[in-house]
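See below for the structure under consideration.
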Amino acid sequence: MLSGLQEHLNRTLPNTSFKEQRAYRAVYHKLSNLIIVEIENHKLVAKKAPVVGWFKKLYPETSDFLLTLPQVQGLNSAWQWYTNGITIPGLRNKIHPYYGTYFPTRFEHLELFDNWLKRYSGPKKSAIDVGVGSGILALQMVKHGFQKVFATDTNPNAIIGLTEMMGDTKLSRKIELDFGSLFGKWKNKTELIVFNPPWLAETRGLNNLDAAIYYNDTLF
Ligand SMILES: C[S@@+](CC[C@H](N)C(=O)[O-])C[C@H]1O[C@@H](n2cnc3c(N)ncnc32)[C@H](O)[C@@H]1O
């Protein structure tokens, strides 16, 4: 269906200049959102459709429903990231980003932080990680001997995902989470505060994933 759609657009719309490409993408977006996919018994009703575990996890009480194709594509890629995991240089275990949670696709800053932590010789009683996301900075600090990391995020999925990931393991006693803005409920003084913040100025209304990238004028 998607290649049919693409073919139709290629036949009917120019797609060379910047303006034309934007218009092309807008029509593609509009039309692909008109394709509705059926979910029955938490599974996609389509031949050779991939398994997307989020249907059951996110909608445990509703087994039959409809989603648009772009939504299904988004859920499918997120499921692949979550189940296959992502290898982060310097961390022994893969991270498994929960649905709708930010994860890095470039690692230079993490290598930089790892090197900084290697050389840091101050006390390591506790640290705060503002905007913990998939937990990478917190995990790096634990790896380098921080006894406790107090972390926050305004995205509930980040908190739910890390709570699930840590379960009842030793890690869950090292990383404490709070669903809140900036320092959330943490009032304690710590040796270190880290925040890998959203880095672009906001231009429109944000959803949770956008809020990992775009900041509003009050954040800093
Ligand atoms: C660029 S991501 C970094 C995530 C993670 N620390 C990392 O380095 O991969 C920014 C994170 O900050 C969170 N965030 C944005 N505004 C926040 C706020 N006011 N308070 C707490 N967290 C916030 C986002 O939800 C997102 O998880």
Side-chain angles (χ1 to χ4, degrees), residues 54 57-58 74-75 77-120 124 126-166 171-172 174-220:
W54 294 126
K57 239 173 157 37
L58 301 178
L75 283 153
S77 337
W79 186 250
Q80 301 306 321
W81 291 117
Y82 174 71
T83 48
N84 297 334
I86 296 161
T87 307
I88 305 286
L91 283 185
R92 205 174 320 125
N93 296 323
K94 284 184 174 182
I95 59 145
H96 296 267
Y98 200 78
Y99 179 72
T101 302
Y102 172 90
F103 60 88
T105 48
R106 299 178 55 173
F107 307 117
E108 294 91 332
H109 63 301
L110 301 175
E111 284 161 20
L112 209 62
F113 187 46
D114 202 60
N115 284 333
W116 186 86
L117 282 169
K118 264 184 213 149
R119 284 182 213 135
Y120 169 82
K124 292 181 175 174
S126 62
I128 288 184
D129 182 357
V130 177
V132 64
S134 313
I136 292 152
L137 303 182
L139 290 168
Q140 282 184 302
M141 290 189 282
V142 168
K143 179 189 124 182
H144 283 279
F146 274 85
Q147 287 163 28
K148 197 103 189 176
V149 178
F150 300 99
T152 65
D153 209 295
T154 41
N155 177 359
N157 295 42
I159 304 297
I160 292 167
L162 277 175
T163 306
E164 183 195 81
M165 187 274 274
M166 296 194 293
L171 205 52
S172 69
K174 296 212 169 216
I175 302 176
E176 286 194 33
L177 300 165
D178 182 40
F179 169 48
S181 183
L182 297 175
F183 295 95
K185 70 177 181 191
W186 311 121
K187 303 266 184 280
N188 38 327
K189 288 187 180 166
T190 61
E191 280 92 37
L192 196 62
I193 297 168
V194 300
F195 186 16
N196 174 16
W199 64 92
L200 295 175
E202 172 188 291
T203 48
R204 59 196 160 91
L206 303 181
N207 63 36
N208 278 333
L209 250 189
D210 289 341
I213 297 169
Y214 297 97
Y215 61 85
N216 60 32
D217 36 345
T218 63
L219 181 71
F220 289 106

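Because only heavy atoms are used, hydrogens play no part in the values below, and waters and symmetry mates are left out as well, while side chains stay in. Worth saying up front: this structure is predicted, and the values here are computed from it rather than measured. In listed order, ligands and their atoms are each counted from 1.
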With heavy atoms and a 4.0 Å threshold, my read on which part of Leu219 contacts ligand 1 is side chain
Parallel, tilted or perpendicular for Phe150 and Trp186, by the 30°/60° rule?
-> tilted
If we number the atoms of ligand 1 from 1 as shown, the ones under 4.0 Å from a heavy atom of Val132 are 5 (C), 6 (N)
- Message: I want to know whether Tyr98 and Trp54 have ring centres closer than 6.0 Å.
- Response: yes
So for Thr154 against ligand 1, with non-hydrogen atoms under 4.0 Å, the contacting part is both
Asn155 heavy atoms within 4.0 Å reach ligand 1 at atoms 25 (O)
Side chain to side chain, Leu58 and Leu75, heavy atoms closer than 4.5 Å
yes
Checklist entry - Going by heavy atoms, is Ser181 under 4.0 Å from ligand 1? => result yes
Classify the angle between the aromatic ring planes of Phe113 and Trp116 as parallel (below 30°), tilted (30 to 60°) or perpendicular (above 60°). parallel
Candidates Asn196, Ile88, Thr218, Val130; heavy atom nearest atom 10 (C) of ligand 1 found on Asn196
A student comparing Asp178, Leu182, Asp210, Asp153 should find that the heavy atom closest to atom 24 (C) of ligand 1 comes from Asp153
Counting from 1 in the order shown, the ligand 1 atoms closer than 4.0 Å to a non-hydrogen atom of Gly133 are 4 (C), 27 (O)
Checking heavy atoms under 4.0 Å, the part of Trp199 that sits near ligand 1 is side chain
- Quick one: sort the His96 and Tyr82 rings into parallel, tilted or perpendicular, breaks at 30° and 60°. perpendicular
Of Gly131, Ala138, Gly180, the one whose closest heavy atom lies nearest atom 11 (C) of ligand 1 is Gly131
Near Leu137 (heavy-atom distance under 4.0 Å), the atoms of ligand 1 are 6 (N), 8 (O)
heavy-atom search around atom 2 (S) of ligand 1 in the protein gives Tyr102 CD2, 3.5 Å
- Task: Could you check if a side-chain atom of Leu117 sits within less than 4.5 angstrom of a side-chain atom of Phe146, using non-hydrogen atoms only?
- Result: yes
Pro156 meets the side-chain contact (heavy atoms from CB on, under 4.5 Å) criterion, sequence neighbours left out, with Phe179, Asn208
task: For the residue pair Lys143 and Asp114, establish whether any side-chain heavy-atom pair is separated by less than 4.5 Å.
output: yes
May I ask you to test the Thr101-Leu162 pair for a side-chain heavy-atom distance under 4.5 Å? no
If you scan protein heavy atoms around atom 1 (C) of ligand 1, the nearest is Ala212 O, 3.2 Å
Checking heavy atoms under 4.0 Å, the part of Ala211 that sits near ligand 1 is backbone
